[in-house]
Amino acid sequence: MDNKIFALIDCNNFYCSCERVFNPSLKNKPVVVLSNNDGCIVARSDEVKALGIPMGVPFHEYETFIKKEKVVVFSSNYSLYGDMSKRVMDILSTFTPAIEIYSIDEAFLDFTGFKKENLEEIGRDIRETVLKWTGIPVSVGFSLTKTLAKIANRIAKKEKQRGGVFLMIDENAMNEALPKIATGDIWGIGRKLAPKLENMGIKNAFDLKKQDSHAMRRIFSVVMQRTVMELNGISCIEIEEAAPTKKQILTSRSFGKKISEYKEIEQAVAWHTTRAAEKLRQQGLRAGLIIVFITTNPFSKVDAFYQNSFGITPENPTKDTGELINLAINALKKIYKKGYFYHKCGVILTGLTLDVPAPATLFNETDPVKEKKSEDLMLSIDNINKKLGKSTVKYAAEGLNQSWKMRSTQKSPCYTTKWEELKRVR
DNA sequence: TCTGGGGTCCTAGGACCC
DNA sequence: TCTGGGGTCCTAGGACCC
(Lines give C-alpha, C1' and ligand atoms only; values in the text may rest on other atoms or scores of the structure.)
Protein backbone atom coordinates (compact mmCIF):
# COMPACT_ATOMS: atom_id res chain seq x y z
CA MET A 1 0.00 0.00 0.00
CA ASP A 2 1.05 3.55 -0.71
CA ASN A 3 2.14 5.81 2.08
CA LYS A 4 -0.21 8.37 3.48
CA ILE A 5 0.63 12.02 3.03
CA PHE A 6 -0.50 14.71 5.45
CA ALA A 7 0.00 18.44 5.29
CA LEU A 8 -0.19 20.76 8.25
CA ILE A 9 -0.96 24.36 7.38
CA ASP A 10 -0.41 26.83 10.20
CA CYS A 11 -0.98 30.60 10.09
CA ASN A 12 2.11 32.54 11.14
CA ASN A 13 1.60 34.54 14.37
CA PHE A 14 -2.09 34.36 13.54
CA TYR A 15 -3.64 36.97 15.86
CA CYS A 16 -0.85 39.47 15.11
CA SER A 17 -1.25 38.82 11.40
CA CYS A 18 -5.01 39.48 11.64
CA GLU A 19 -4.37 42.85 13.27
CA ARG A 20 -1.84 43.70 10.59
CA VAL A 21 -4.24 42.97 7.75
CA PHE A 22 -6.34 45.92 8.87
CA ASN A 23 -3.38 48.06 9.96
CA PRO A 24 -0.75 47.70 7.25
CA SER A 25 1.39 50.33 8.96
CA LEU A 26 2.18 47.67 11.56
CA LYS A 27 4.16 45.64 9.06
CA ASN A 28 7.69 45.03 10.32
CA LYS A 29 6.76 46.63 13.65
CA PRO A 30 6.65 44.60 16.87
CA VAL A 31 3.08 43.55 17.80
CA VAL A 32 1.63 41.47 20.65
CA VAL A 33 -1.91 40.26 21.34
CA LEU A 34 -3.09 39.61 24.89
CA SER A 35 -5.35 36.87 26.26
CA ASN A 36 -8.78 37.58 27.69
CA ASN A 37 -8.72 40.07 30.54
CA ASP A 38 -5.44 41.41 29.11
CA GLY A 39 -3.73 38.74 31.23
CA CYS A 40 -1.04 36.99 29.19
CA ILE A 41 0.81 37.46 25.94
CA VAL A 42 -0.66 34.90 23.54
CA ALA A 43 0.64 36.05 20.15
CA ARG A 44 3.90 37.69 19.15
CA SER A 45 5.17 39.00 15.84
CA ASP A 46 8.64 37.93 14.71
CA GLU A 47 10.06 41.27 15.89
CA VAL A 48 8.73 40.57 19.40
CA LYS A 49 10.15 37.04 19.39
CA ALA A 50 13.49 38.61 18.45
CA LEU A 51 13.24 40.87 21.50
CA GLY A 52 13.18 37.71 23.62
CA ILE A 53 9.67 38.09 25.02
CA PRO A 54 8.40 34.56 25.70
CA MET A 55 5.00 33.08 24.83
CA GLY A 56 2.30 32.91 27.49
CA VAL A 57 3.91 35.16 30.11
CA PRO A 58 1.85 37.57 32.24
CA PHE A 59 1.60 40.90 30.44
CA HIS A 60 2.32 43.01 33.50
CA GLU A 61 5.76 41.43 33.94
CA TYR A 62 6.84 42.79 30.57
CA GLU A 63 4.77 45.96 30.39
CA THR A 64 7.64 48.38 31.03
CA PHE A 65 9.91 46.65 28.54
CA ILE A 66 7.12 46.58 25.97
CA LYS A 67 6.55 50.32 26.32
CA LYS A 68 10.25 51.03 26.04
CA GLU A 69 10.53 48.99 22.85
CA LYS A 70 7.41 50.61 21.40
CA VAL A 71 5.64 47.30 20.93
CA VAL A 72 2.05 47.75 19.72
CA VAL A 73 -0.36 45.97 22.09
CA PHE A 74 -3.83 44.57 21.30
CA SER A 75 -6.47 42.99 23.53
CA SER A 76 -7.83 39.86 21.89
CA ASN A 77 -10.64 40.31 19.38
CA TYR A 78 -12.05 36.85 18.84
CA SER A 79 -14.83 37.90 16.48
CA LEU A 80 -12.20 39.24 14.12
CA TYR A 81 -9.87 36.22 14.41
CA GLY A 82 -12.76 33.76 14.10
CA ASP A 83 -13.96 35.39 10.93
CA MET A 84 -10.49 35.57 9.37
CA SER A 85 -9.96 31.93 10.31
CA LYS A 86 -13.10 30.92 8.45
CA ARG A 87 -11.85 32.68 5.31
CA VAL A 88 -8.50 30.90 5.47
CA MET A 89 -10.14 27.50 6.02
CA ASP A 90 -12.52 28.04 3.11
CA ILE A 91 -9.55 28.61 0.82
CA LEU A 92 -7.69 25.55 2.15
CA SER A 93 -10.74 23.36 1.45
CA THR A 94 -10.43 24.13 -2.25
CA PHE A 95 -7.10 22.25 -2.38
CA THR A 96 -8.54 18.99 -1.04
CA PRO A 97 -11.90 18.23 0.56
CA ALA A 98 -10.18 15.99 3.14
CA ILE A 99 -9.48 18.69 5.70
CA GLU A 100 -9.52 18.75 9.47
CA ILE A 101 -9.75 22.19 11.03
CA TYR A 102 -7.56 21.51 14.00
CA SER A 103 -7.64 24.90 15.70
CA ILE A 104 -8.38 28.53 14.92
CA ASP A 105 -5.10 28.82 12.98
CA GLU A 106 -4.22 25.27 11.88
CA ALA A 107 -5.58 22.62 9.55
CA PHE A 108 -4.49 19.12 8.53
CA LEU A 109 -5.03 18.24 4.88
CA ASP A 110 -4.90 14.70 3.50
CA PHE A 111 -2.90 14.50 0.28
CA THR A 112 -2.65 10.71 0.17
CA GLY A 113 -2.53 9.59 -3.45
CA PHE A 114 -1.13 12.85 -4.80
CA LYS A 115 2.14 12.62 -6.72
CA LYS A 116 5.12 13.36 -4.50
CA GLU A 117 6.74 15.49 -7.21
CA ASN A 118 3.78 17.88 -7.20
CA LEU A 119 3.52 18.53 -3.47
CA GLU A 120 6.16 21.25 -3.20
CA GLU A 121 4.36 23.18 -5.93
CA ILE A 122 0.97 22.68 -4.26
CA GLY A 123 2.45 23.95 -1.01
CA ARG A 124 3.62 27.16 -2.66
CA ASP A 125 0.28 27.60 -4.33
CA ILE A 126 -1.51 27.27 -0.95
CA ARG A 127 0.75 29.89 0.58
CA GLU A 128 0.37 32.37 -2.25
CA THR A 129 -3.39 31.99 -2.53
CA VAL A 130 -4.08 32.41 1.18
CA LEU A 131 -1.76 35.41 1.37
CA LYS A 132 -3.28 37.08 -1.68
CA TRP A 133 -6.91 36.55 -0.71
CA THR A 134 -6.73 37.16 3.05
CA GLY A 135 -3.40 38.83 3.79
CA ILE A 136 -2.48 36.04 6.24
CA PRO A 137 0.94 34.34 5.83
CA VAL A 138 0.96 30.58 6.39
CA SER A 139 3.52 27.77 6.59
CA VAL A 140 3.08 24.36 5.01
CA GLY A 141 4.65 21.07 6.13
CA PHE A 142 4.19 17.71 4.41
CA SER A 143 4.99 14.27 5.80
CA LEU A 144 3.78 10.71 6.40
CA THR A 145 1.91 11.18 9.70
CA LYS A 146 0.28 14.04 11.56
CA THR A 147 3.08 14.13 14.14
CA LEU A 148 5.71 14.33 11.37
CA ALA A 149 3.69 16.94 9.45
CA LYS A 150 3.73 19.10 12.59
CA ILE A 151 7.51 18.83 12.64
CA ALA A 152 7.80 19.59 8.90
CA ASN A 153 5.65 22.66 9.44
CA ARG A 154 7.88 23.85 12.26
CA ILE A 155 10.92 23.62 10.01
CA ALA A 156 9.06 25.41 7.19
CA LYS A 157 8.28 28.26 9.56
CA LYS A 158 11.71 28.49 11.21
CA GLU A 159 14.07 28.14 8.26
CA LYS A 160 13.19 31.19 6.22
CA GLN A 161 15.23 30.09 3.19
CA ARG A 162 12.66 27.34 2.57
CA GLY A 163 10.04 29.90 1.62
CA GLY A 164 7.41 28.63 4.04
CA VAL A 165 7.12 25.10 2.60
CA PHE A 166 8.91 21.93 3.70
CA LEU A 167 8.48 18.47 2.27
CA MET A 168 9.70 15.84 4.75
CA ILE A 169 8.99 12.56 3.02
CA ASP A 170 12.17 10.72 2.17
CA GLU A 171 14.69 9.28 4.61
CA ASN A 172 17.28 12.00 4.05
CA ALA A 173 14.93 14.86 4.79
CA MET A 174 13.83 13.16 8.04
CA ASN A 175 17.34 12.37 9.18
CA GLU A 176 18.28 15.97 8.65
CA ALA A 177 15.21 17.46 10.33
CA LEU A 178 14.39 15.27 13.34
CA PRO A 179 17.56 15.93 15.35
CA LYS A 180 16.75 19.66 15.19
CA ILE A 181 13.45 19.22 17.05
CA ALA A 182 13.79 19.35 20.84
CA THR A 183 11.82 16.69 22.75
CA GLY A 184 9.46 19.25 24.25
CA ASP A 185 8.55 20.58 20.79
CA ILE A 186 7.15 17.24 19.62
CA TRP A 187 3.35 17.13 19.32
CA GLY A 188 2.10 15.18 22.35
CA ILE A 189 5.14 15.81 24.57
CA GLY A 190 4.36 18.53 27.08
CA ARG A 191 6.06 20.15 30.01
CA LYS A 192 5.85 17.11 32.32
CA LEU A 193 7.01 14.43 29.90
CA ALA A 194 9.83 16.41 28.25
CA PRO A 195 12.12 16.49 31.33
CA LYS A 196 11.44 12.80 32.02
CA LEU A 197 12.48 11.89 28.49
CA GLU A 198 15.53 14.11 28.66
CA ASN A 199 16.62 12.37 31.84
CA MET A 200 16.50 9.14 29.87
CA GLY A 201 18.88 10.69 27.34
CA ILE A 202 16.15 11.36 24.78
CA LYS A 203 16.94 14.91 23.74
CA ASN A 204 15.26 15.31 20.37
CA ALA A 205 12.76 13.81 17.93
CA PHE A 206 15.41 11.60 16.34
CA ASP A 207 16.24 10.04 19.73
CA LEU A 208 12.57 9.41 20.48
CA LYS A 209 12.02 7.84 17.08
CA LYS A 210 14.67 5.20 17.85
CA GLN A 211 12.95 4.00 21.06
CA ASP A 212 11.09 0.70 21.28
CA SER A 213 7.43 1.66 21.15
CA HIS A 214 6.24 -1.24 23.36
CA ALA A 215 8.76 -0.42 26.05
CA MET A 216 7.69 3.23 25.91
CA ARG A 217 4.07 2.18 26.36
CA ARG A 218 5.00 0.24 29.48
CA ILE A 219 6.94 3.14 30.97
CA PHE A 220 4.47 5.88 29.93
CA SER A 221 1.19 5.13 28.20
CA VAL A 222 -0.41 4.25 24.92
CA VAL A 223 -0.24 7.94 23.96
CA MET A 224 3.56 7.83 24.06
CA GLN A 225 3.57 4.60 22.09
CA ARG A 226 1.56 6.26 19.34
CA THR A 227 3.93 9.22 19.23
CA VAL A 228 6.93 6.91 18.77
CA MET A 229 5.14 5.02 15.99
CA GLU A 230 4.10 8.23 14.27
CA LEU A 231 7.70 9.45 14.31
CA ASN A 232 8.54 6.23 12.47
CA GLY A 233 6.11 7.04 9.72
CA ILE A 234 3.34 4.69 10.90
CA SER A 235 0.15 6.73 10.88
CA CYS A 236 -1.91 6.17 14.06
CA ILE A 237 -3.89 9.42 14.18
CA GLU A 238 -6.39 9.88 11.39
CA ILE A 239 -7.80 13.08 9.90
CA GLU A 240 -11.17 13.90 11.47
CA GLU A 241 -13.13 15.62 8.77
CA ALA A 242 -16.40 15.90 10.65
CA ALA A 243 -16.01 17.46 14.05
CA PRO A 244 -17.24 14.92 16.61
CA THR A 245 -20.11 16.17 18.77
CA LYS A 246 -18.92 17.99 21.85
CA LYS A 247 -18.80 16.23 25.19
CA GLN A 248 -18.92 19.40 27.22
CA ILE A 249 -19.49 23.10 26.76
CA LEU A 250 -17.64 25.44 29.07
CA THR A 251 -17.79 29.18 29.51
CA SER A 252 -15.76 31.00 32.09
CA ARG A 253 -13.88 34.25 32.57
CA SER A 254 -11.80 35.94 35.15
CA PHE A 255 -13.44 39.04 36.57
CA GLY A 256 -12.02 42.43 35.70
CA LYS A 257 -11.48 42.97 39.44
CA LYS A 258 -11.80 41.03 42.70
CA ILE A 259 -15.41 40.40 43.72
CA SER A 260 -16.92 39.22 46.99
CA GLU A 261 -20.61 40.22 46.69
CA TYR A 262 -22.93 37.29 46.06
CA LYS A 263 -25.19 39.26 43.76
CA GLU A 264 -22.41 40.17 41.35
CA ILE A 265 -21.22 36.58 41.08
CA GLU A 266 -24.79 35.47 40.48
CA GLN A 267 -25.01 37.86 37.53
CA ALA A 268 -21.77 36.54 36.07
CA VAL A 269 -22.95 32.94 36.50
CA ALA A 270 -26.24 33.81 34.76
CA TRP A 271 -24.30 35.47 31.95
CA HIS A 272 -22.09 32.40 31.46
CA THR A 273 -25.12 30.12 31.55
CA THR A 274 -26.74 32.18 28.81
CA ARG A 275 -23.64 31.99 26.61
CA ALA A 276 -23.28 28.24 27.22
CA ALA A 277 -26.97 27.62 26.44
CA GLU A 278 -26.59 29.54 23.18
CA LYS A 279 -23.69 27.32 22.14
CA LEU A 280 -25.72 24.28 23.21
CA ARG A 281 -28.62 25.17 20.91
CA GLN A 282 -26.31 26.15 18.07
CA GLN A 283 -24.87 22.65 18.16
CA GLY A 284 -28.27 21.00 18.38
CA LEU A 285 -27.71 19.55 21.85
CA ARG A 286 -29.32 19.32 25.27
CA ALA A 287 -27.54 19.23 28.62
CA GLY A 288 -28.03 16.49 31.21
CA LEU A 289 -25.87 18.14 33.87
CA ILE A 290 -24.85 21.70 34.71
CA ILE A 291 -21.82 22.38 36.89
CA VAL A 292 -20.99 25.78 38.36
CA PHE A 293 -17.53 26.58 39.70
CA ILE A 294 -16.00 29.55 41.48
CA THR A 295 -12.46 30.24 42.56
CA THR A 296 -10.40 32.92 44.25
CA ASN A 297 -7.09 33.95 42.71
CA PRO A 298 -4.68 31.01 43.08
CA PHE A 299 -1.71 33.38 42.60
CA SER A 300 -2.66 35.78 45.36
CA LYS A 301 -0.21 35.99 48.22
CA VAL A 302 -2.56 37.96 50.48
CA ASP A 303 -6.10 36.62 49.95
CA ALA A 304 -7.26 33.25 51.29
CA PHE A 305 -7.74 30.58 48.64
CA TYR A 306 -11.06 28.82 48.05
CA GLN A 307 -12.43 26.94 45.13
CA ASN A 308 -15.46 24.73 44.74
CA SER A 309 -17.92 23.37 42.23
CA PHE A 310 -21.40 21.86 42.29
CA GLY A 311 -23.41 20.04 39.67
CA ILE A 312 -27.18 19.70 39.27
CA THR A 313 -29.09 17.33 37.00
CA PRO A 314 -32.22 18.76 35.39
CA GLU A 315 -35.34 16.60 35.43
CA ASN A 316 -34.95 16.00 31.71
CA PRO A 317 -32.10 17.02 29.40
CA THR A 318 -32.73 20.68 28.60
CA LYS A 319 -31.70 23.54 26.34
CA ASP A 320 -33.83 26.19 28.01
CA THR A 321 -31.78 29.17 29.20
CA GLY A 322 -34.25 30.12 31.93
CA GLU A 323 -34.29 26.62 33.40
CA LEU A 324 -30.50 26.37 33.22
CA ILE A 325 -30.09 29.74 34.95
CA ASN A 326 -32.30 28.57 37.80
CA LEU A 327 -30.27 25.39 38.24
CA ALA A 328 -27.03 27.35 38.01
CA ILE A 329 -28.12 29.77 40.72
CA ASN A 330 -29.12 26.88 42.98
CA ALA A 331 -25.71 25.32 42.42
CA LEU A 332 -23.94 28.61 43.12
CA LYS A 333 -25.81 28.96 46.44
CA LYS A 334 -24.36 25.60 47.51
CA ILE A 335 -20.78 26.72 47.06
CA TYR A 336 -20.70 30.50 47.59
CA LYS A 337 -19.02 31.44 50.86
CA LYS A 338 -19.02 34.93 52.22
CA GLY A 339 -15.76 36.68 52.95
CA TYR A 340 -13.64 35.51 50.04
CA PHE A 341 -12.43 37.62 47.13
CA TYR A 342 -13.43 35.76 44.00
CA HIS A 343 -11.41 35.92 40.81
CA LYS A 344 -13.25 33.73 38.33
CA CYS A 345 -16.38 31.69 37.83
CA GLY A 346 -17.77 29.48 35.12
CA VAL A 347 -20.40 27.06 33.94
CA ILE A 348 -19.95 23.61 32.38
CA LEU A 349 -22.76 21.91 30.48
CA THR A 350 -22.20 18.19 30.09
CA GLY A 351 -24.09 14.91 29.75
CA LEU A 352 -24.85 16.27 26.29
CA THR A 353 -27.36 14.50 24.08
CA LEU A 354 -28.67 15.20 20.63
CA ASP A 355 -31.73 17.42 20.70
CA VAL A 356 -34.38 14.98 19.59
CA PRO A 357 -37.90 15.05 21.01
CA ALA A 358 -37.77 13.27 24.37
CA PRO A 359 -39.22 9.77 24.20
CA ALA A 360 -42.57 9.67 25.94
CA THR A 361 -42.26 7.09 28.67
CA LEU A 362 -44.56 6.36 31.56
CA PHE A 363 -42.06 7.39 34.16
CA ASN A 364 -40.36 10.35 32.60
CA GLU A 365 -43.16 12.51 31.47
CA THR A 366 -42.49 15.90 29.95
CA ASP A 367 -45.25 18.42 29.58
CA PRO A 368 -45.62 18.87 25.80
CA VAL A 369 -47.27 22.27 26.11
CA LYS A 370 -44.54 23.63 28.35
CA GLU A 371 -41.91 22.07 26.11
CA LYS A 372 -43.35 23.75 23.00
CA LYS A 373 -43.50 27.12 24.73
CA SER A 374 -39.86 26.88 25.77
CA GLU A 375 -38.83 25.78 22.28
CA ASP A 376 -40.54 28.80 20.68
CA LEU A 377 -39.14 31.23 23.21
CA MET A 378 -35.56 30.03 22.72
CA LEU A 379 -35.96 30.23 18.96
CA SER A 380 -37.16 33.83 19.04
CA ILE A 381 -34.47 34.94 21.51
CA ASP A 382 -31.74 33.35 19.38
CA ASN A 383 -33.13 34.91 16.22
CA ILE A 384 -33.41 38.40 17.65
CA ASN A 385 -29.91 38.28 19.13
CA LYS A 386 -28.49 36.93 15.90
CA LYS A 387 -30.07 39.72 13.89
CA LEU A 388 -29.68 42.66 16.25
CA GLY A 389 -26.56 41.69 18.18
CA LYS A 390 -25.58 39.63 21.21
CA SER A 391 -27.64 40.32 24.35
CA THR A 392 -30.28 42.46 22.64
CA VAL A 393 -32.72 40.29 24.56
CA LYS A 394 -31.44 38.90 27.81
CA TYR A 395 -32.42 37.48 31.16
CA ALA A 396 -32.79 39.83 34.12
CA ALA A 397 -30.47 37.63 36.16
CA GLU A 398 -27.56 38.68 33.96
CA GLY A 399 -27.76 42.16 35.48
CA LEU A 400 -27.31 45.54 33.87
CA ASN A 401 -24.17 47.20 35.08
CA GLN A 402 -21.91 44.11 34.94
CA SER A 403 -19.06 45.51 36.98
CA TRP A 404 -17.41 42.08 36.86
CA LYS A 405 -16.75 42.24 33.13
CA MET A 406 -13.23 41.46 31.96
CA ARG A 407 -10.63 44.05 31.06
CA SER A 408 -10.08 44.64 27.37
CA THR A 409 -8.42 47.98 27.02
CA GLN A 410 -6.69 47.70 23.65
CA LYS A 411 -9.25 45.99 21.46
CA SER A 412 -9.26 46.63 17.72
CA PRO A 413 -12.58 47.15 15.90
CA CYS A 414 -14.51 44.14 14.57
CA TYR A 415 -13.65 45.10 11.00
CA THR A 416 -15.33 42.13 9.39
CA THR A 417 -18.29 41.28 11.61
CA LYS A 418 -19.90 44.56 12.71
CA TRP A 419 -21.22 47.08 10.19
CA GLU A 420 -20.54 50.03 12.43
CA GLU A 421 -16.90 49.00 12.85
CA LEU A 422 -16.06 48.56 9.18
CA LYS A 423 -12.77 50.05 8.06
CA ARG A 424 -13.25 53.47 6.48
CA VAL A 425 -11.45 54.30 3.26
CA ARG A 426 -11.11 57.95 2.49
C1' DT B 1 -2.95 46.37 40.62
C1' DC B 2 -1.83 42.74 37.13
C1' DT B 3 -1.00 35.29 35.67
C1' DG B 4 -6.66 33.18 29.53
C1' DG B 5 -10.21 30.12 27.98
C1' DG B 6 -11.87 25.98 25.94
C1' DG B 7 -11.27 21.50 25.04
C1' DT B 8 -9.78 16.01 24.73
C1' DC B 9 -7.98 11.55 26.15
C1' DC B 10 -6.02 8.09 29.40
C1' DT B 11 -5.38 5.76 33.83
C1' DA B 12 -6.05 4.33 38.50
C1' DG B 13 -8.97 3.18 41.93
C1' DG B 14 -13.40 2.51 44.20
C1' DA B 15 -18.16 0.71 44.07
C1' DC B 16 -20.82 -2.78 42.77
C1' DC B 17 -22.33 -7.18 40.69
C1' DC B 18 -22.39 -12.26 40.34
C1' DT C 1 -7.95 -19.45 62.06
C1' DC C 2 -8.84 -19.04 56.96
C1' DT C 3 -12.93 -14.53 52.98
C1' DG C 4 -12.11 -15.15 45.23
C1' DG C 5 -11.90 -13.40 40.97
C1' DG C 6 -13.56 -11.38 36.92
C1' DG C 7 -16.05 -7.87 34.98
C1' DT C 8 -18.27 -3.16 34.36
C1' DC C 9 -19.15 1.49 35.37
C1' DC C 10 -18.02 5.85 37.24
C1' DT C 11 -15.09 9.56 38.86
C1' DA C 12 -11.04 12.25 39.88
C1' DG C 13 -6.82 13.59 38.51
C1' DG C 14 -3.19 14.15 35.32
C1' DA C 15 -1.42 14.84 30.93
C1' DC C 16 -1.83 17.02 26.59
C1' DC C 17 -3.40 20.49 22.78
C1' DC C 18 -4.04 25.47 20.76
Side-chain angles (χ1 to χ4, degrees), chain A residues 8-11 13-15 32-43 54-64 66 73-78 81-82 85 100-108 146-147 150 153-154 183-197 217-227 236-237 240 243-258 268 272 275-276 279-280 283 288-289 291 293 295-303 305 307 309 311 313 341 343-352 406-410:
Chain A
L8 177 69
I9 288 93
D10 189 322
C11 302
N13 318 326
F14 182 55
Y15 299 166
V32 296
V33 178
L34 306 180
S35 64
N36 277 317
N37 222 12
D38 296 345
C40 299
I41 294 171
V42 292
M55 175 70 175
V57 289
F59 174 52
H60 68 87
E61 284 177 15
Y62 282 83
E63 201 167 356
T64 323
I66 278 174
V73 177
F74 288 96
S75 300
S76 40
N77 182 346
Y78 285 102
Y81 312 149
S85 168
E100 172 186 347
I101 298 172
Y102 178 65
S103 76
I104 194 164
D105 69 337
E106 278 176 62
F108 287 104
K146 282 175 145 185
T147 305
K150 275 270 196 185
N153 182 284
R154 202 183 168 83
T183 312
D185 293 332
I186 302 168
W187 194 42
I189 309 297
R191 58 179 221 288
K192 295 277 184 178
L193 292 175
K196 274 189 198 166
L197 288 170
R217 177 178 186 149
R218 256 177 279 125
I219 302 169
F220 296 93
S221 79
V222 64
V223 182
M224 178 69 82
Q225 181 183 30
R226 278 201 289 257
T227 301
C236 308
I237 310 171
E240 287 176 20
T245 38
K246 288 250 187 309
K247 303 197 167 137
Q248 63 173 38
I249 291 170
L250 184 152
T251 60
S252 75
R253 288 281 183 287
S254 310
F255 304 128
K257 55 172 189 173
K258 292 196 264 191
H272 289 309
R275 296 287 88 74
K279 292 189 212 167
L280 186 72
Q283 293 167 35
L289 174 64
I291 300 163
F293 65 87
T295 176
T296 59
N297 188 345
F299 298 104
S300 174
K301 296 199 173 85
V302 287
D303 298 328
F305 180 68
Q307 96 182 90
S309 68
T313 309
F341 291 105
H343 160 79
K344 177 178 178 174
C345 72
V347 169
I348 303 169
L349 301 180
T350 181
L352 304 181
M406 69 174 181
R407 279 186 300 275
S408 179
T409 59
Q410 312 285 334

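Values reported hereafter were calculated over all heavy atoms of this structure, with side chains retained and with hydrogens, waters and symmetry mates removed. Reminder, nothing fancy here: chain letters follow the sequence lines and each chain counts from 1.
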5' precedence on DNA chain B between A/Lys344 and A/Val223 (nearest-nucleotide basis): A/Lys344
Rounded interatomic separation in angstrom, taking CG from A/Leu250 and P from B/dG4: 14 Å
Residue A/Lys246, side-chain atoms from C-beta onward, closest of C/dC16, B/dT11, B/dG7: B/dG7
Touch class at under 4.0 angstrom, heavy-atom based, for A/Arg275 against every strand present: nothing
Option among A/Ile348, A/Leu349, A/Thr350 that satisfies the side chain to side chain contact (heavy atoms under 4.5 Å, CB included) test with A/Leu250: A/Ile348
Phosphate contact (C/dA15 OP1 or OP2) by A/Ser221 side-chain N/O below 4.0 Å: no
Sugar-phosphate, base or nothing in reach of A/Val57, heavy atoms under 4.0 Å: nothing
Nucleotide of C/dC18, B/dG5, B/dC10 approaching A/Ser252 most closely (side-chain heavy atoms): B/dG5
Shortest side-chain distance from A/Lys192, nucleotide among C/dC18, B/dC9, C/dA15: C/dA15
Sugar-phosphate only, base, or nothing, as touched by A/Tyr102 at under 4.0 Å among non-hydrogen atoms: sugar-phosphate
pair A/Gln283-A/Ile249: side-chain heavy atoms closer than 4.5 Å: yes
Sugar-phosphate, base or nothing in reach of A/Ser76, heavy atoms under 4.0 Å: nothing
Closest-nucleotide ordering on DNA chain B, the 5'-leading residue of A/Lys301 and A/Gln283: A/Lys301
Rounded distance (Å) that lies between atom P of B/dT1 and atom CG of A/Asp303: 12 Å
Sugar-phosphate only, base, or nothing, as touched by A/Ile237 at under 4.0 Å among non-hydrogen atoms: nothing
Closest to side chain of A/Ser35, choosing from B/dG4, B/dT8, B/dT11: B/dG4
Close side-chain approach of A/Pro298 to A/Gln307, heavy-atom, < 4.5 Å: no
Protein-nucleotide distance (A/Phe305, atom CZ; B/dT3, atom P), rounded to Å: 14 Å
Options B/dT11, B/dT3, C/dC18, nucleotide nearest the side-chain atoms of A/Asn297: B/dT3
Rounded interatomic separation in angstrom, taking CZ from A/Phe299 and C1' from B/dT1: 15 Å
Side-chain heavy atoms of A/Val73 within contact of A/Phe59, under 4.5 Å: yes
A/Arg226 side chain near B/dC9 phosphate (N/O to OP1/OP2, under 4.0 Å): no
Minimum-distance nucleotide (side-chain atoms of A/Leu193 versus C/dC16, B/dT8, B/dC10): C/dC16
Touch class at under 4.0 angstrom, heavy-atom based, for A/His343 against every strand present: sugar-phosphate
Contact check, side chains of A/Lys146 and A/Glu100, non-hydrogen atoms, under 4.5 Å: yes
Sugar-phosphate only, base, or nothing, as touched by A/Asp105 at under 4.0 Å among non-hydrogen atoms: sugar-phosphate
Minimum-distance nucleotide to A/Gln248 side chain [options: C/dC18, B/dT8, B/dC10]: B/dT8
Between P of B/dC2 and CG of A/Asn36, the distance in whole Å: 18 Å
Touch class at under 4.0 angstrom, heavy-atom based, for A/Lys257 against every strand present: nothing
Geometric class of the A/Tyr81/A/Tyr15 ring pair [parallel <30°, tilted 30-60°, perpendicular >60°]: parallel
B/dC9 - base-pair partner by Watson-Crick or wobble geometry, distances under 3.5 Å: C/dG14
Sugar-phosphate only, base, or nothing, as touched by A/Ile249 at under 4.0 Å among non-hydrogen atoms: sugar-phosphate
Among B/dG4, C/dC17, B/dT8, the one nearest A/Lys150 by side-chain distance: C/dC17
Between P of B/dT8 and CD1 of A/Ile348, the distance in whole Å: 11 Å
Length of the line joining A/Tyr78:OH and B/dG5:C1', which is rounded to integer Å: 7 Å
Nearest-neighbour nucleotide for the A/Thr251 side chain, B/dG4, B/dG6, B/dC10 considered: B/dG6
Spacing of the P atoms in B/dT3 and C/dC18 (rounded, Å): 24 Å
A/Phe299 and A/Phe305 aromatic centres sub-6.0 Å: no
Spacing between A/Ile104 atom CD1 and B/dG5 atom C1', to the nearest angstrom: 12 Å
